[in-house]
Amino acid sequence: MNKSLLTRCFFVLYLLTITCLATAAELPEISILATGGTIAGSGASATGSAYKAAVNPVDKVISAVPQLEQIARIRGEQICNISSQDMKPEYWLKLAARINQLFRLNLADGVVITHGTDTLEETAWFLNLTIAYDKPVVLTGSMRPGSALSADGAMNLYNAVAVAGAREARNKGVLVVMNDRIYSARGVRKCDTINPAAFDDRENGALGRVNYGKVSFNTRPDKKHTYQSLVKLPLFAGKLPEVPIIYGYAGIDPQMVETICQSNIRGIVYAGVGNGNPSEEVLNVLAKASAVGITVVRATRVPDGPVTLDAEVDDAKYGFIVSDSLTPQKARILLMLALHKDLDRSEIQRLYFEY
Ligand code: GLU
């Protein structure tokens, strides 16, 4: 090979290397925080329903989707490796602290959390109330383990990373990406026990779609994201207050409600029938609890529609709060945080309507 050809070859190689490095540097830096769930699960048969969630570590979850490298610079961390029915506030606090730290130190442009689908919406809502930055935080999971036919985890993870790296995803609060849809943390809920299209926001619909990594938003969340809010938490230690949920039904024993109210709690969510209604006997128990300082939030067991103030129940008279359109499990999380901050009842009610 003559000398000038060799020089040209080196030059082309140099240009290619520079281009590759520059392209890599332009990719967003995404931290994947793994918590377990079916997306980290595995079963012996591709067609049988039996499997075990939360068996694969974060490296294996990431390496199962090598295409991620084309859209982001990825860093994985294991927060815990559990089925999400075992999720608890201690892990929420760990996640919130780590995400706030990653953003404060400018170590990530976005965060993806892999999570079991059973309580994914609760973690999303907790983080929505506690992350103090406007960079994207996206939760995803899967309904089928990677070992199943037509497993959904790989595409969900790919799409979640694409959303976490998208400029348009900023300042929209915590998001959930499942089955090609993008949802806001407030409204999303698991609506099907086994179908890959398990998630929905029945009140507002999805915020947008993500198709093979192509992100498109149709709308933005109608509520405030709390990085501007009162419930913006610094890194806090300690335990969140215990807040039980009682599920209402015909013939409920008021004594059972009374026993729970006497169990050293600071707040309670009553998932009533209809527009958050308790029976007359339970109303008397809740009124007594409220009078001795327990914060009572009326939510509903009905899937759609808000719980409204002063309809069949005189909330002003009893000092009750209504959950608006938050499900009982999300109403509970807001109450835990509000009690932790020692907010008064009118302030807490405002949060239910505004966040
Ligand atoms: N129950 C398990 C969990 O929530 C599996 C459900 C899932 O991830 O789809 O982690």
Side-chain angles (χ1 to χ4, degrees), residues 32-65 68 76-96 98-99 111-128 137-161 163-164 174-183 185 187-202 206 210 245 303 327-330 332-333:
I32 298 182
L33 308 185
T35 69
T38 300
I39 196 166
S42 187
S45 152
T47 51
S49 62
Y51 75 99
K52 205 167 156 23
V55 288
N56 295 328
V58 62
D59 294 347
K60 202 160 171 198
V61 172
I62 293 173
S63 63
V65 195
L68 293 176
E77 284 179 45
Q78 194 81 49
I79 298 293
C80 52
N81 206 359
I82 56 168
S83 293
S84 74
Q85 55 268 45
D86 296 320
M87 185 47 70
K88 46 185 147 193
E90 136 196 358
Y91 296 128
W92 290 341
L93 293 170
K94 195 170 166 189
L95 273 169
R98 181 60 181 148
I99 296 167
V111 168
V112 168
I113 299 154
T114 55
H115 200 290
T117 57
D118 290 356
T119 61
L120 186 146
E121 70 213 48
E122 289 174 62
T123 301
W125 178 236
F126 179 86
L127 296 175
N128 195 66
V137 175
V138 183
L139 284 91
T140 194
S142 74
M143 294 297 287
R144 294 179 180 146
S147 50
L149 274 188
S150 203
D152 51 338
M155 185 60 92
N156 283 344
L157 182 58
Y158 183 79
N159 281 338
V161 167
V163 172
V174 171
L175 302 170
V176 169
V177 166
M178 286 292 290
N179 201 40
D180 289 7
R181 305 252 180 199
I182 310 167
Y183 299 99
V188 71
R189 62 167 95 170
K190 189 174 188 180
C191 296
D192 196 297
T193 51
I194 50 176
N195 195 309
F199 283 78
D200 202 359
D201 179 339
R202 296 172 58 121
V210 46
I245 300 171
T327 57
Q329 57 272 30
K330 289 187 192 168
R332 168 180 179 263
I333 290 168

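Quick caveat, the model's predicted, so the values are computed rather than measured. Order of listing sets the numbers, starting from 1, for every ligand and every atom in it.
Between Tyr183 and Met178, the closest heavy-atom pair is CE1-O, 4.2 Å. The minimum heavy-atom distance between Cys191 and Arg202, with the atom names listed, is SG-CD, 3.9 Å.
Close contacts of ligand 1 with Gly37, meaning ligand atoms under 4.0 Å from a residue heavy atom, involve 8 (O), 10 (O). Here is the list of ligand 1 atoms found below 4.0 Å of a heavy atom in Tyr51: 5 (C), 6 (C).
Rounding to the nearest 0.5 angstrom, the gap separating the CD1 atom in Ile333 from the CH2 atom in Trp92 is 3.5 Å.
At least one side-chain heavy atom of Leu120 sits less than 4.5 Å from a side-chain heavy atom of Phe199. No side-chain heavy atom of Met143 sits less than 4.5 Å from a side-chain heavy atom of Asn195.
Residue Ala54 does not touch ligand 1, judged by heavy-atom distances below 4.0 Å.
Of the protein's non-hydrogen atoms, Thr38 OG1, 3.2 Å is the one closest to atom 6 (C) of ligand 1. Looking only at heavy atoms of the protein, atom 2 (C) of ligand 1 is closest to Gln85 OE1, 3.3 Å. If you check which protein heavy atom lies closest to atom 1 (N) of ligand 1, you get Asp118 OD2, 2.6 Å. The shortest contact between atom 9 (O) of ligand 1 and any protein heavy atom is with Thr117 OG1, 2.5 Å.
Using 4.0 Å as the threshold, Ser142 has a heavy atom nearer than that to some atom of ligand 1.
With Glu121 as the partner, the side chain to side chain donor-acceptor pair (under 3.5 Å) test is satisfied by one option alone out of Lys190, Gln329, His115: Gln329.
Proximity annotation for atom 3 (C) of ligand 1: of Gly36, Ser84, Ala53, Ser84 comes nearest, heavy atoms only.
Checked by atom type and distance alone, the side chain of Lys330 never pairs as donor or acceptor with a backbone atom of Arg189 at under 3.5 Å.
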